[in-house]
Amino acid sequence: MRLSNYFLPLLKETPAEATIASHQYMLRAGMIKQNSAGIYSWLPLGLKVLRNIERIVREEQNKAGAVEMLMPTIQSADLWKETGRYDAYGPEMLRITDRGDREMLYGPTNEDMITDIFRSYVRSYKDLPKLLYHIQWKFRDERRPRFGVMRGREFLMKDTYSFDIDKDAARLSYNKMFVAYLNTFSRLGLKAIPVKADTGPIGGDLSHEFVILAETGESEVFCHKDLVEMDAPGDVNFSDDLSDHVEARTALYAAADEMHDADEFAKIPEDKQLTARGIEVGHIFYFGDKYSGPMKAKVMGPDGKEHVVMMGSYGVGVSRLVGGIIEASHDQDGIIWPKSVAPFGVGIINLKSGDAEADAACEDIYRQLTEAGCDPLYDDTSDRGGVKFSRMDLIGLPYQVTIGPRGLKNGVVEIKSRRTGEKQELSPAAAIVFLQTELGS
RNA sequence: CGGGGCGUAGCGCAGCCUGGUAGCGCAUCUGUUUUGGGAACAGAGGGUCGCAAGUUCGAAUCUUGCCGCCCCGACCA
C-alpha cells in the first residue's frame, strides 16, 4: 500500500478523552473513530488489525474442531422469554420494537439462539459432541463504557457453544477450548494466564478467565509465576484427552481479586508469587443444562432414554484484544505490533521523495516486498524524514526500511526493528531476503 | 446508577469570576528557502462559542432546562 493512496488520519496530539495508552494510540494512529459512547468506527488501519486477530482466533477454533456459523445481531425476544432471561438481563440489553410492535433485541450473547438452533435439528447422542461458534458484533448497554475498545458497548466477540451428552463429555469440550485459547493468545503474541473464575449458581471448577498482564488492567490477578512463562501446547491432537495440558496449569494457583484466597496464595514460595493487573480477554464456562433444560434441548442416549444436553460457552473479546495487545506492547513512541497481527509487515521510508534515485530504489523494493508477501506500507509522501520516522514508530509496524541518497551511494538501505530498535545496513537484495524470512511468508 | 468534571476552528487549549461582538499553538492552503529523527519565513482560509429559553441596550461570559462526552466507584468479552 502506498501511503499517499491510503486513509490514515493521524493525530499529533493526544485527544483529551483518552486516558490509557491503547486508547490514545488507537486514536492517534487513525485506527478508530468514536461515534458515540462505547461505539466506534474501525478505520482502515484498525480494521486490518481486527481482521488479523479474527483470522487467528478462527484458525485456532477450527483446529480445535469447532465449526463456524453466523447468527444475527438482532434477535426476537421470544427465545429469551423461554429461558427467563428477558426479564433477568436488565438494562444492559438493548431492547427494540419493530414496525409490528414485536419485541426484539440487539444480542448481547447467543446461548438462547444457539440452543434453539441445536434443538431444531439434533436428536441423537451420535451427533455429539458439537462445538459451534461465530464471530459477531454484540451490544451491551454498559453502565460505563470506557477505555476505547477495551470496554465498548458494541464489540466483536467470538463465542463458541458446546453440546455434550453428559458432564464428563462436556469436560472434554471444555478442555479443547482451554487449549485452543492458550494457543490463540500465544499466536497473538500475548502471555495469557488462565485464572479461576466464579461459576455462579452452577458451581464446580469449570470456569476460567484468560487474562493478559498489563498495568492498566481492570482487575488484580494473583498467580504462580511459572504460569506466565509456560509455553502454549501448540500442535496437539484435539481428539485426545487434553486434561494433562489443562491440569498442568490449573494445578498452579491463579485467581482474580473476587476469587482470591490469600491463604492458598501464601502457600506459593515467596519468590514465585506474582501480583499484577490483568485484562480479561477470554472466558470459558460450563453451565450444564441452564439453557438446554428450559428450552428442552434433548437427545436420545445409548440407553434409549432422552438426555438434556450439557452445554458450555467460550468467549474471546476480539475487538478488546486490539486494545489489549497495545497495552501489552507499546513504548513512548507508539505501538509495537506482534508480527502476527501487524497491519502491515514493513514500512518503507523514502527519505527524499522526488529524488530520482531514491524514488526508483523505493519503488523497486516496494514491488519486490509486495511480491514476497511482506505487505509493505510505502511512505511515498513528500514529508520530511523526521515526520516519516515518527509516523512509522507510532503505527508500530514490525520493521522499517529507510532508503535515502546517502545509503544508496554505498549501495545499502537501513532496516530497523521496531521492537528492539536495532538497525542494520544491508544491500536492497539482502534486505528483501531478510524481511521475507523474518515475516515468515 | 451514585459522585466529580468538561463541551469555544480539524486537534490541544486560553477567554467566563468582573457581560461590550472571539484568541493562541499545532494542523490545512499559497509562495520562497530547506530536507538522514516531528523545518524556517511571509501570507491566507476556517468558529451561529453543544442546543433551547430567559435576564440585559448588549451574552462564549449571568440564570434555568435539555443533550453529549470523560473520569472515580459497584457490574462485565
Taking only the side-chain heavy atoms of [X] (C-beta and beyond), determine which of [options] contains the nearest atom.
X	options	value
A:R143	B:C1, B:C69, B:C13	B:C1
A:A37	B:C72, B:C70, B:A77	B:C70
A:E142	B:C11, B:C72, B:A77	B:A77
A:Q34	B:A74, B:C69, B:G25	B:C69

Measuring only the [atom1] atom in each nucleotide, how far is [N] from [M]? A whole number of Å is fine.
N	M	atom1	value
B:G10	B:U28	P	15 Å
B:G12	B:C71	P	14 Å
B:U8	B:C16	C1'	11 Å
B:C26	B:G38	P	15 Å

List, with names and distances, any nitrogen or oxygen atoms from the protein found under 3.5 Å away from nitrogen or oxygen atoms belonging to nucleotides 27-38 of chain B.
from	atom 1	to	atom 2	distance (Å)
B:U34	O2	A:R384	NH1	2.7
B:G36	O2'	A:R406	NH1	3.4
B:G36	O2'	A:R406	NH2	3.4
B:G36	O6	A:G404	O	3.1
B:G36	O6	A:P405	N	3.4
B:G36	O6	A:R406	N	2.5
B:G36	O6	A:G407	N	2.6
B:G37	N1	A:D393	OD2	3.3
B:G37	N2	A:D393	OD2	2.4
B:G38	O6	A:R28	NH2	3.1
B:G38	N3	A:S390	OG	3.3

Quick check: [Y] with [X] (ring centres under 6.0 Å apart)?
X	Y	value
A:H260	A:F222	yes
A:W137	A:F155	no
A:Y286	A:Y174	no
A:F285	A:Y161	no

When all nucleic acid strands are considered with a 4.0 Å heavy-atom cut-off, which category describes [X]: base, sugar-phosphate, or nothing?
X	result
A:V281	sugar-phosphate
A:E17	sugar-phosphate
A:G354	nothing

| Distance-only side-chain donor-acceptor flag, A:N175 / A:H245, under 3.5 Å | no
Using Watson-Crick or G-U wobble geometry with both distances below 3.5 Å, tell me the partner of [N], or none.
N	answer
B:A42	B:U30
B:A22	none
B:U35	none
B:G47	none
B:G7	B:C67
B:G73	B:C1
B:G54	B:C62

| request: Look at the aromatic rings of A:F178 and A:F210 and report parallel, tilted or perpendicular, splitting at 30° and 60°. | output: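 Because their plane-to-plane angle is over 60°, the rings of A:F178 and A:F210 count as perpendicular.
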| task | For A:E425, enumerate each residue passing the salt bridge (Lys or Arg N to Asp or Glu O under 4.0 Å) test, keeping only those at least two apart in sequence or located in another chain. | result |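 Checked A:E425 against salt bridge (Lys or Arg N to Asp or Glu O under 4.0 Å); zero matches.
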| Contacts to RNA chain B from residues 39-68 of chain A, heavy-atom cutoff under 4.0 Å, which residues? |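 Within residues 39-68 of chain A, no residue comes under 4.0 Å of RNA chain B.
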